[in-house]
Amino acid sequence: MSDPGTDRNSESVKPANSAGKKISRRQLLTILGIGLNAIAGALFAMPIIGYVLAPGGRRAMRKDLEWVTLGALTQFPVGETRLATYRNPSVRAWDGATGDIPCWVRRIATDKLQVFAINCAHLGCPVRWFPQSGLFMCPCHGGAYYADGSRASGPPPRGLFQYDFKIERGQLWIKAGQMPTLASPPSVASVDQPRRCSCA
């Protein structure tokens, strides 16, 4: 049978060992800080890794440069400005009718056109064409544009933004993946087509 004194000594050693394993407040905060930094780093890295590795993301970026047809050129008679609508190439399934984007098409001659973004260059309100006065008018703040899209009056700092366009096999095509703005002006449409017509 074991000596009761030795049992007491072994019991007294256990609390001393467990007390020695206690984590100090500084160690706890250090571990907690490292863990939170690791989580934040992982959350920051996930979109970057997804961008680099996901082929779907690269396809979506290429879609931003797509040419979209506005229909047959015969829909736009010479001397008239008409409203046209195209489907945004970067549309998602849940976008519904908001994926349909209107624009104004002005046909000056057989091969001379202008395609205007419908948005006012001031704050983006949709402009409307008034053939009686030959002006595009913005209903929000009274901006007005001449038939060629240049600024007539009001708060807009410049004329209407124009899309790159081309004509192929009797169809009018515009580069519609990205709205033309001051921050992202339209790129050169192609080497054989003018970026926009030089209209008076």
### Query
Can you name the ring-ring contact (aromatic ring centres under 6.0 Å, His included) partners of Tyr145, sequence neighbours left out?
none
### Query
Does Met137 sit in a hydrophobic cluster with other residues, and if so which ones, taking ILVMFWY side chains as linked at heavy-atom separations under 4.5 Å, directly or through other members?
Phe130, Leu135, Tyr146
### Task
List the atom of Pro77, the atom of Gln75, and the distance in Å for their closest heavy-atom pair.
CD-O, 3.3 Å
### Query
Does Leu172 reach the side chain of Val105, with side-chain heavy atoms less than 4.5 Å apart?
yes
### Message
Between Ile167 and Leu73, is there a side-chain heavy-atom distance shorter than 4.5 Å?
### Response
yes
### Task
Identify, with sequence neighbours excluded, every residue that meets side chain to side chain donor-acceptor pair (under 3.5 Å) alongside Gln171.
Thr69
### Query
Less than 4.5 Å apart, any side-chain heavy atom of Leu70 and any of Phe76?
yes
### Phe136 and Phe116 aromatic ring geometry - parallel, tilted or perpendicular at 30°/60° bounds
perpendicular
### Query
Roughly how far, to the nearest 0.5 Å, is the NE2 atom of His122 from the CZ atom of Arg158?
14.0 Å
### Task
Output the distance between atom CZ (Arg107) and atom CD (Gln114), rounded to the nearest 0.5 Å.
13.5 Å
#### Entry: Pairs flagged by disulfide bond (SG atoms under 2.5 Å apart) wherever residues 93-136 is involved - sequence neighbours left out
Cys125-Cys140
### Task
For Pro102, enumerate each residue passing the side-chain contact (heavy atoms from CB on, under 4.5 Å) test, keeping only those at least two apart in sequence or located in another chain.
Leu83, Thr85, Ile118
### Query
For Asp100, what residues pass the salt bridge (Lys or Arg N to Asp or Glu O under 4.0 Å) criterion, not counting sequence neighbours?
Arg87
### Query
Can you tell if the side chain of Leu113 reaches within under 4.5 Å of the side chain of Ile108, non-hydrogen atoms only?
no
### Task
State which residues pass side-chain contact (heavy atoms from CB on, under 4.5 Å) with Pro47; sequence neighbours excluded, sorted by chain then number.
none
### Query
Who are the salt bridge (Lys or Arg N to Asp or Glu O under 4.0 Å) partners of Arg82, not counting sequence neighbours?
Glu80
With a 3.5 Å cut-off and sequence neighbours excluded, list the donor-acceptor pairs that the side chains of residues 25-35 form with protein atoms.
from  : atom 1 : to    : atom 2 : distance (Å)
Gln27 : OE1    : Ser24 : N      : 3.1
Gln27 : OE1    : Ser24 : OG     : 3.4
Thr30 : OG1    : Arg26 : O      : 2.8

### Task
Could I get the full list of side chain to side chain donor-acceptor pair (under 3.5 Å) partners for Ser153, not counting sequence neighbours?
none
### Task
Could you check if a side-chain atom of Trp104 sits within less than 4.5 angstrom of a side-chain atom of Leu160, using non-hydrogen atoms only?
no
### Query
Any idea which heavy atoms bring Thr110 and Val78 closest together, and the distance?
N-CG2, 4.2 Å
### Task
First locate atom CD of Glu168, then atom CH2 of Trp67, and finally report the distance between them rounded to the nearest 0.5 Å.
8.0 Å
### Message
Suppose we screen for side-chain contact (heavy atoms from CB on, under 4.5 Å). Which residues come up paired with Arg151, at least two apart in sequence or across chains?
### Response
none
### Task
Only pairs at least two apart or in different chains count here, so list each salt bridge (Lys or Arg N to Asp or Glu O under 4.0 Å) that has a residue in residues 28-54.
none
